[in-house]
Amino acid sequence: MMNSQIGKMTGKAYSKVTFLVIIISIMTGVSQADPEKIPSCDTDKSLRKKEPSISSVKIKSNGSETKPSEETRISEEQLDQLIAEIKVSRKSNPPAAKKLLTLKDPRVIQRLIAEVEKADASFKPYSHYFIEALGQSGDPRAVKPLVDWMYRDRPYFTSSNSVAKALCQIGNQPAQRALREALRSNNTRIAHGVAQGLGKLGTPQALVFLDELRKSKKSEYRITAVLGYRNVDSEDARDIVIIFLSDTDGCVRYYAARRLQDINDKRVLAALIDSLELENITIRCKSSEFLRDAITAELKEATDKDRSASAKALLESTGTSGITLLEALSKATKDPFAYVRTNAAKSLGELGDTRTVEVLIPLLTDHSRGPRCAAFVALQQLGWKPKSRGDKVRAFMASGKWSEAETIARKITPANEQDNELQGEISYGEPILLYLKNHMRKKHYPEDPIPWIEFFKSKDKLFAKMELGFWSYPQAGFTATIRLLDRNGNVLAKENACFSNSGRCVTIPDWETEVVDVSLGDWKHLEKATAFDIAVKKMPHNKAIQEKR
């Protein structure tokens, strides 16, 4: 009994030892075998073909096939040479960058990152080529430096759209998370730049991010989406932007209209009309410019008969708020910014509607040179002929014909030859030329602006509009004291108009002019005023700035 039990135990021990010996021999055989001949298995236990490594791929060179060596590292001199070729390539995706990316050298990514750092610090434009190479490498090590460059306060040549394309090409989770955060950033420069970069890339992976934004309830996110889709060159993207023309937010409609201005769609014109009333000054300026271009393009090819019909149809076009183009442009001639007023005057001249003459005449004495010239040209297009002396003087002044203006305008010269003081009778509805003795007018140019003043009544108030000219350098300020007098010489009102130059001097000083509006008081109190006097004196530049505020 005892012997039989011992025998069984001995047999079991012998079996275990034998099993271990077999396992060891198998493992030893495997380690000595050729790894290329050992198959591997998928999860479904089926054989799969081993993927070739970079060292076993046959590369064609000069018409012959060669097999590269296992070593893919290159010398520092060769690496420097490839980097130098990228810098001087002056084109996207240069061959040197492609060659670098085929190498399995761990120094390549580190060197590309270092080169972007150097290029960005020294303001070199070729940093784009290295960023593009980092995106094509797909290396996750590039994500952090790319994100750091994107959020820099002064990106210079490292623009956010180039970084966005690179991050999207890398495509790992940190890169995707960085792109989503950038698109929703409060920094519009970053958000809009990233959206435009994704739009230029145009891949399905890039459009996923834009599609998420366009469905957002926040209008700023939808604006970012529109800016991205504007760079996608496809009919599907165009259809998406067309949908934005019906957006509830006017800014979104404006950016969509910019993308679709080349199509004949009434909604584009309506969106631009609405944009003229938005608070954003950049949008108002651009809308006035695009409207001017659209009107010019629409009427350029038309004959006289068709032009009249086309202009009438354009004038009757309305925005979503119901305001017509004629009303919107007339209102834009009073915009606080000169660029909007200038474009509005040019558009009205192109449309040729005589109803706008009364709107354009006040622009002849506008505060800025641009609206004056545009209004004069527009009035000429409308066939306007000045009737009153005031209109004739304004027309000559706006067109820069000061010698003609002097022949018909009222002129006042100072009684005292030493001081800039003069006195004269008030006349309403026309500019009065002021010949100030010690004023810094350039006497050797007859067409240079002459100081002038004009009195006018508006909303039961009496106002004066006055223009002075002066050299831009050195910094200086001027004050013009205006007094209104009755027949007995009593002072009814006294106000100051403050002027200041820019202090700008590049090679030689420029000749500058400035128009200032002065409120003189209630008309009922001042209607007895028959004369005025003006005294112009110099004052410190800083004080003039403070007085104007």
Side-chain angles (χ1 to χ4, degrees), residues 332-342 344-345 359-379 390-402 405-406 409-412 420 422 424 426-436 439-442 447-459 461-472 475-482 484 495-504 510-520 532 534-539 541 544-549:
T333 58
K334 301 176 182 178
D335 193 273
F337 284 81
Y339 191 68
V340 178
R341 300 195 299 272
T342 301
V359 176
L360 292 168
I361 289 177
L363 288 179
L364 293 174
T365 52
D366 192 85
H367 291 71
S368 299
R369 179 73 176 164
R372 293 186 201 177
C373 296
F376 176 77
V377 173
L379 287 168
D391 286 343
K392 291 179 181 179
V393 174
R394 293 189 193 94
F396 285 135
M397 288 166 52
S399 59
K401 299 178 180 179
W402 287 91
E406 288 183 275
R410 285 194 57 208
K411 299 175 287 291
I412 299 178
N420 280 332
L422 45 80
I426 293 179
S427 62
Y428 300 100
E430 62 177 324
I432 304 171
L433 302 185
L434 308 174
Y435 289 87
L436 301 170
H439 194 279
M440 286 85 66
R441 185 191 178 214
K442 295 185 288 186
E447 298 302 333
D448 287 336
I450 301 172
W452 56 270
I453 189 170
E454 181 176 358
F455 296 95
F456 59 95
K457 175 188 172 185
S458 177
K459 298 180 180 178
K461 299 282 185 181
L462 183 62
F463 293 88
K465 180 182 287 188
M466 183 175 178
E467 181 181 61
L468 281 184
F470 28 71
W471 291 106
S472 63
Q475 283 189 340
F478 304 89
T479 178
T481 303
I482 305 172
L484 298 184
E495 292 293 339
N496 291 331
C498 294
F499 302 83
S500 61
N501 64 359
S502 64
R504 181 181 65 251
D510 297 323
W511 185 252
E512 300 179 342
T513 60
E514 184 178 11
V515 179
V516 175
D517 289 327
V518 184
S519 177
L520 298 171
F532 71 96
I534 296 176
V536 178
K537 297 180 180 179
K538 266 193 172 184
M539 67 186 304
H541 182 266
I545 295 293
Q546 293 175 357
E547 290 291 335
K548 286 197 291 185
R549 291 176 181 173

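Note that the coordinates shown come from a computational prediction; the quantities given were computed from them, not determined experimentally.
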Please name all residues satisfying ring pair (Phe, Tyr, Trp, His ring centres under 6.0 Å) with Phe532, sequence neighbours left out, ordered by chain then number.
Phe455

Nearest 0.5 Å, please: how far is OG in Ser399 from CG in Leu364?
9.0 Å

If you take all heavy atoms of Gly503 and Gln475, which pair is closest and at what distance?
CA-CG, 3.4 Å

Would you please name every residue forming a side chain to side chain contact (heavy atoms under 4.5 Å, CB included) with Ala395, sequence neighbours left out?
Phe376, Trp384

Grab the two heavy atoms, one from Phe470 and one from Phe478, that are nearest each other, plus how far apart they are.
CD2-CE1, 3.6 Å

How close do Ala344 and Ala332 get, counting heavy atoms only, and between which atoms?
CB-CB, 3.7 Å

If the condition is ring pair (Phe, Tyr, Trp, His ring centres under 6.0 Å), which residues does Phe463 pass it with, not counting sequence neighbours?
Phe456

Partner set under salt bridge (Lys or Arg N to Asp or Glu O under 4.0 Å) for Arg394, not counting sequence neighbours:
Asp391, Glu454

With sequence neighbours left out, what residues match Thr479 under side chain to side chain contact (heavy atoms under 4.5 Å, CB included)?
Thr481, Asn496, Cys498, Lys537, Met539

The salt bridge (Lys or Arg N to Asp or Glu O under 4.0 Å) partners of Arg504 (sequence neighbours excluded) come to Asp510, Glu512

If we only count heavy atoms from C-beta on, is the Val536 to Phe499 side-chain gap below 4.5 Å?
no

Minimum heavy-atom separation for Val516 to Ala497, with atom names?
CG1-CB, 4.1 Å

Side-chain (Arg410) to main-chain (Ile432) donor-acceptor, under 3.5 angstrom
no

Of all residues at least two apart in sequence or in a different chain, which pass the side-chain hydrogen bond (donor to acceptor under 3.5 Å, both in side chains) check with Arg369?
none

List the steps, then state whether side chain to side chain contact (heavy atoms under 4.5 Å, CB included) holds for Met466 with Trp452.
CA-CA 6 Å; Met466 183 175 178; Trp452 56 270; over 6 Å; no

Listed partners of Lys461 passing salt bridge (Lys or Arg N to Asp or Glu O under 4.0 Å), at least two apart:
Asp522

Report yes if the side chains of Arg341 and Ser368 come closer than 4.5 Å at any heavy-atom pair, otherwise no.
yes

Under the rule for side-chain hydrogen bond (donor to acceptor under 3.5 Å, both in side chains), what residues qualify as partners of Ser500, not counting sequence neighbours?
Lys548

When you compare the side chain of Asn501 with that of His541, does any pair of heavy atoms fall below 4.5 Å?
yes

Is the backbone of Arg372 close enough, under 3.5 Å, to the side chain of Asp366 for a donor and an acceptor to pair up by distance?
no

Between CD1 of Ile453 and CG of Leu434, what distance do you get to the nearest 0.5 Å?
6.0 Å

Expected output: side-chain Lys411 to main-chain Glu406 donor-acceptor under 3.5 Å
yes

Is there a side-chain contact between Ile534 and Ile412, using heavy atoms and a 4.5 Å cut-off?
no

Are any non-hydrogen side-chain atoms of Tyr435 and Ile450 less than 4.5 angstrom apart?
yes

With sequence neighbours excluded, tell me which residues meet side chain to side chain contact (heavy atoms under 4.5 Å, CB included) with His367.
Lys465, Val515, Asp517

Please enumerate all residues that pass side chain to side chain contact (heavy atoms under 4.5 Å, CB included) together with Thr342, with sequence neighbours excluded.
Lys346, Pro371, Ala374

